**Q** 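This is the structure, below, for whatever I ask next.
Because the structure is a prediction, the values reported are computed rather than measured. First the proteins, then the strands, lettered A, B, ... as listed; each starts at 1.
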There are 4 protein chains.
Amino acid sequence: MPPRTRSGNRRDETARLDVLHAADDLLVEHGFGGLTVEAIAKRAGVAKQTIYRWWPSKVDILLDTLIEDTEKRLPIPTDPPTADTIREYLRAYARFVTEDPAGKVLLTLIAESQHNPATAKTFHERYLGPRREQERAMITAATDAGEITPKLPPDATLDVLLGPIVYCALTNSPIPRTLANTLIGELLGPR
Amino acid sequence: MPPRTRSGNRRDETARLDVLHAADDLLVEHGFGGLTVEAIAKRAGVAKQTIYRWWPSKVDILLDTLIEDTEKRLPIPTDPPTADTIREYLRAYARFVTEDPAGKVLLTLIAESQHNPATAKTFHERYLGPRREQERAMITAATDAGEITPKLPPDATLDVLLGPIVYCALTNSPIPRTLANTLIGELLGPR
Amino acid sequence: MPPRTRSGNRRDETARLDVLHAADDLLVEHGFGGLTVEAIAKRAGVAKQTIYRWWPSKVDILLDTLIEDTEKRLPIPTDPPTADTIREYLRAYARFVTEDPAGKVLLTLIAESQHNPATAKTFHERYLGPRREQERAMITAATDAGEITPKLPPDATLDVLLGPIVYCALTNSPIPRTLANTLIGELLGPR
Amino acid sequence: MPPRTRSGNRRDETARLDVLHAADDLLVEHGFGGLTVEAIAKRAGVAKQTIYRWWPSKVDILLDTLIEDTEKRLPIPTDPPTADTIREYLRAYARFVTEDPAGKVLLTLIAESQHNPATAKTFHERYLGPRREQERAMITAATDAGEITPKLPPDATLDVLLGPIVYCALTNSPIPRTLANTLIGELLGPR
DNA sequence: GCGTAAGCGAGACGGTACGTCTGGTCTTCCT
DNA sequence: AGGAAGACCAGACGTACCGTCTCGCTTACGC
C-alpha cells in the first residue's frame, strides 16, 4: 500500500474509509473474534491512536459501516408503497441479512447489544430507531392509501414481518420461501 | 462461605452447582462482559482448573444452566395441544425471554452464536434443535387433531410465532400485547 | 529454547534468571533505549505479566542483576586488607566498570538515578549503601591494622579512590594506568 | 508574557532564548522526565515545529544552555594559574555541580550520555572536549610556571580532581569539605 | 489399611488484546 | 519565519483474562 498523503490538521478521509473497510473485511474473514482494534489498525495501515481518536470502540466502527452500507444496499423503497413494494422490501431484507456482508454486521451488532448496554443504546439511537421510523412511514403510507389493511398497529406489524427473518438469520436456519407472501397475505390482507 | 466438604476422587456436585449459579448471577449482575472464567471461579469459590476440567468454555456453562432452567420454567405443554395451549405457550415464552434470568441466558447465547461458530453449533445441537423438535411435535399434534389449520409448514410457523418475540426481546422493545392473539388467529386460524 | 519446566504454583527460578539475563544482554546489545519490558519479555521467553508480577519496573530488574553480578564478579576482598589488597580492589573495580557487562549496568543505574528520584532512592538503599558499608569496613580495618594512614576520613577516601574511576567510565575516557598506584601512594601513604 | 516581536524571515533570537530558559526551568522543576519537547514548547510559547527546526533533540537544547551557562557561571580562571586559583576553581566546580541549575544540566547530560551514544558523542565534542582543553591548559601553565608539581600527567590529574566531585554529585552524597585541599596538597604538592 | 487415582483450591506461567500515552513528523492556516 | 492547532504513524506502557500447568492436599476405592 502506498503511504497515504498526509492531510495535515484535517481529518484524513482516506484513513477513515480504510478503517471501515478493514473492519468489514476482518469481520467477514475472521469473525467477530478476529475483529480487534489491533488487527483493524494493522490491516488499514493506521495507528491505533487514530482509531481511538475517532471511534469510542470497535462497535462504533461497525455501526458506521452498517449505516453507510444499509443506505446503499437496502434502501427504503421510494415509490408509493403497496403490498408489492413491501413484499419486495422483505425479500431484499432477507437477502441483505443472509448474503450481504453488511447483513453480517447487522447481526453482529444485534448480538453485541446483548453483551453491552452502551452498544445497545447507540445501536438504537443511530440505526434501529431511524430505520424503524422510515419503515413505519412506509407502512402507514400504504395503509392511508388503502393499499393494505394491517391487522396490527404499525410497529407490531414490522416486528411480525421482520422478526422471523432476523430470527432465522440469527439461528442460521433457512428463511422459508413462502414466509413473506403468507405474512403479507394474512396480516396486511384486505380482510 | 464455609469451605465445601471435599468429595475425594468423585466429581463435586456442590462445586458444579456453585459454578452454574455463579455464572447466572454474574451474567445478570454484570452482563456478559463481567462473565469471565476468572470471576466465575472466584465467585463460586472454585479453582479455574475445576471449571476447565468440566466445561470447555464459559458458554458451555451458560448452556447447562439454560437447559436446566428452560425445562423447569418454560416447559412444553403436556396437555393435548390446542390453539389455546399454544397461545399460552407463546405468552410464557414472552415472559421467559423478557423477565426470567434464564431468558437473559437464552438471548446471550443467541448473541454469542453470532460471534463464534463453535458456540452456534453446540447451541443448536444441545438446545435449539431438541427444543424445536418438541415445539414442532406440539404444532403437528394440534394440526393432526384438527385444532389448528396453519397457513405455513410447522417450522415456518414456529419461526413466525417465536421470531417476533425473540426479535423484540433482542432489540429491547416491548412485545405488542395483541401479537400472540393476532398471529394465532390469522396464521393458525380455521380458514 | 526448550520450553522451561513449569514449577506449578511456586515462583519459577528459571524464569527469574531468564529475565535477568535478557535484561543484561539487551542493555549491552541495544543500550538503555532498547531495554523495554516488552523486549525483555520477548527475549526471555516470558510473559510481560510475569515481569510485572515480580518487578515494579525495569530498573529493579537491572538492580537485581547488578547486585548478584557484583557479588560474583567484584567481591570485597576477604583477606585482611592492606594497601595491596586495596590496590587490587581498585584495579578490579576499574575492569568491572569498563569491561564487565555488569559494569555497564552500574553506569546505567547511576545515570537513571539522575532522571528519576525513585530510582536514586532504591539504588542507594539496595546497592550503593550496602556496598559502601563493606568498602568502608575494608578501609577502617586496614587503618586500624596500621596498614594505611589515610589523609581523609574513610568515606571521603572512598570518594577520592572510586570517583575518578567512575568519572572516567562515565565520560568514556581511558582510566590512567598509574592512577590507582599514585592515589594509594599519596593518599593512603605512610606519612 | 507579551507576544514577542516577530522577526520576519530571520531566526528569532527571543524564541531561541525562551526555549533555552524553558528547558532549564523544566529540568529543575520537573526533572528530566518532565522535560518533553511538548512541555518546552508550551512553556516557551513556541510551536513544536520551531523547536524541531533548530534542535535535533531535546538534549541539544540542554547542551546549548549548558555551554552558555558554564561560560558565564563557571569560567576558567584567567589569572596566571597557581595552586590557589586551581583550588578556587575546584570549589566553584563543586558549587556549580551541586547548587547551580546549570550543574544539574551537566549531570543530566552525563547521565543521558550513558543511555545514548549519539548524545555522548555530541556532548564530548561540544562540551567535555573543549572544556578539558582549557582545564588542561590551566594545569600545564601552572606546572610550567613552577606553581605546582603534579604527581600525574595533566589529564589524569584533572580526572582525579574533578572525578570525586562529579561522583559525589551523581550519587547525591555531600562533597567532603577537605577534599579539594587534600587533593591539591597531596597531588599537586611540592614534593 | 494402604497404595493408587482422581478431584480440588491455589496460583504462576506464556500469551493476546486492551485502551492510554508520548514522541517526532507533517500539514494547514493565520500573523 | 514563526505561532497555533491538531492529525498522523509508531510503539511502549501497565492491566485483564485467557487456557495450561504444577503443587500439595483430601477423599474413595480396591487389592
**Q** For B:A39 and for C:A39, locate the closest nucleotide of DNA chain F by heavy-atom distance; then report the residue assigned to the nucleotide nearer the 5' terminus.
**A**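 Checking each residue's closest nucleotide, the 5'-ward one belongs to C:A39.
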
**Q** Round to a whole Å and report the spacing from CD of B:E38 to C1' of E:dA12.
**A**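 That distance rounds to 12 Å.
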
**Q** Nearest whole angstrom, please: distance from the C1' of F:dG14 to the NZ of C:K58.
**A**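 In whole Å, F:dG14 C1' and C:K58 NZ are 13 Å from each other.
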
**Q** To the nearest Å, how far apart are A:F32 CZ and E:dA17 C1'?
**A**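 About 13 Å, once rounded to whole Å.
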
**Q** Between B:D64 and B:R126, is there a side-chain N and carboxylate O pair less than 4.0 Å apart?
**A**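 Looking at B:D64 and B:R126, the cut-off is met.
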
**Q** Taking NZ, NE, NH1 and NH2 as the nitrogens, is one of them in C:E38 or C:R43 under 4.0 Å from a carboxylate oxygen of the other?
**A**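 Judged by the 4.0 Å cut-off on N to carboxylate O distance, C:E38 and C:R43 do not form a salt bridge.
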
**Q** Tell me: CZ of A:R16 to C1' of F:dG6, nearest whole Å?
**A**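 Distance check: A:R16 CZ to F:dG6 C1' gives 19 Å.
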
**Q** For F:dG2, take OP1 and OP2 only and decide whether either is under 4.0 Å from a side-chain N or O of D:W54.
**A**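 Result: yes.
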
**Q** Between B:R10 and A:G33, who's closer to the 5' end of DNA chain E by nearest nucleotide?
**A**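 So the residue in question is B:R10.
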
**Q** Measure the spacing between CG of A:D24 and CG of A:L66 and express it to the nearest 0.5 Å.
**A**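 A:D24 atom CG to A:L66 atom CG measures 9.5 Å (nearest 0.5 Å).
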
**Q** Among the nucleotides E:dC8, F:dG3, F:dC8, which one has an atom lying closest to any side-chain atom of A:D12?
**A**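 Of all the options, the side chain of A:D12 is nearest to F:dC8.
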
**Q** Among F:dA12, E:dT28, E:dG23, which nucleotide sits nearest the side chain of C:T36?
**A**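 Looking only at side-chain atoms, C:T36 lies closest to F:dA12.
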
**Q** Is the side chain of D:K58 donor-acceptor paired with the backbone N or O of D:L35 at a distance under 3.5 Å, no angle test?
**A**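 Flag set: sc D:K58 to bb D:L35 pair under 3.5 Å.
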
**Q** From the list E:dG19, E:dC13, F:dG19, which nucleotide is the closest neighbour of the side chain of A:V37?
**A**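 Of E:dG19, E:dC13, F:dG19, E:dG19 is nearest to the side chain of A:V37.
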
**Q** Assess whether one donor atom and one acceptor atom, taken from the side chain of C:K48 and the base of E:dG15, lie less than 3.5 Å apart.
**A**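 Such a pair does not exist between side chain and base.
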
**Q** D:I51 has an atom CD1; how far is it from atom P of E:dG23, in whole Å?
**A**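 After rounding, the reported distance stands at 12 Å.
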
**Q** Nearest to the side chain of B:R53 - E:dC8, E:dC18, E:dG24?
**A**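 Selected nucleotide: E:dC8.
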
**Q** Using the six-membered ring of D:F32, assess whether NZ or CZ of D:K104 lies under 6.0 Å from its centre and within 45 degrees of the ring axis.
**A**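 Ring-cation test returns no.
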
**Q** Without decimals, in angstroms, what is the distance between B:Y52 OH and F:dG19 C1'?
**A**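 Going from OH in B:Y52 over to C1' in F:dG19 covers 5 Å.
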
**Q** Grab the CZ-P distance between B:R11 and F:dT27 for me, whole Å please.
**A**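 Computing the B:R11:CZ to F:dT27:P distance gives 20 Å.
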
**Q** Kindly indicate whether the side chain of A:Q49 and the base of F:dC8 share any N or O donor-acceptor pair separated by less than 3.5 Å?
**A**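 No such pair is found, so the answer is no.
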
**Q** When the distance from CG of A:N9 to P of E:dT25 is rounded to whole Å, what number comes out?
**A**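 Whole-Å distance recorded here is 18 Å.
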
**Q** With respect to the phosphate group of E:dG14, does any side-chain polar atom (N or O) of C:T50 fall under 4.0 Å of OP1 or OP2?
**A**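 So the side chain of C:T50 is within the cut-off, an N or O lying under 4.0 Å from OP1 or OP2 of E:dG14.
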
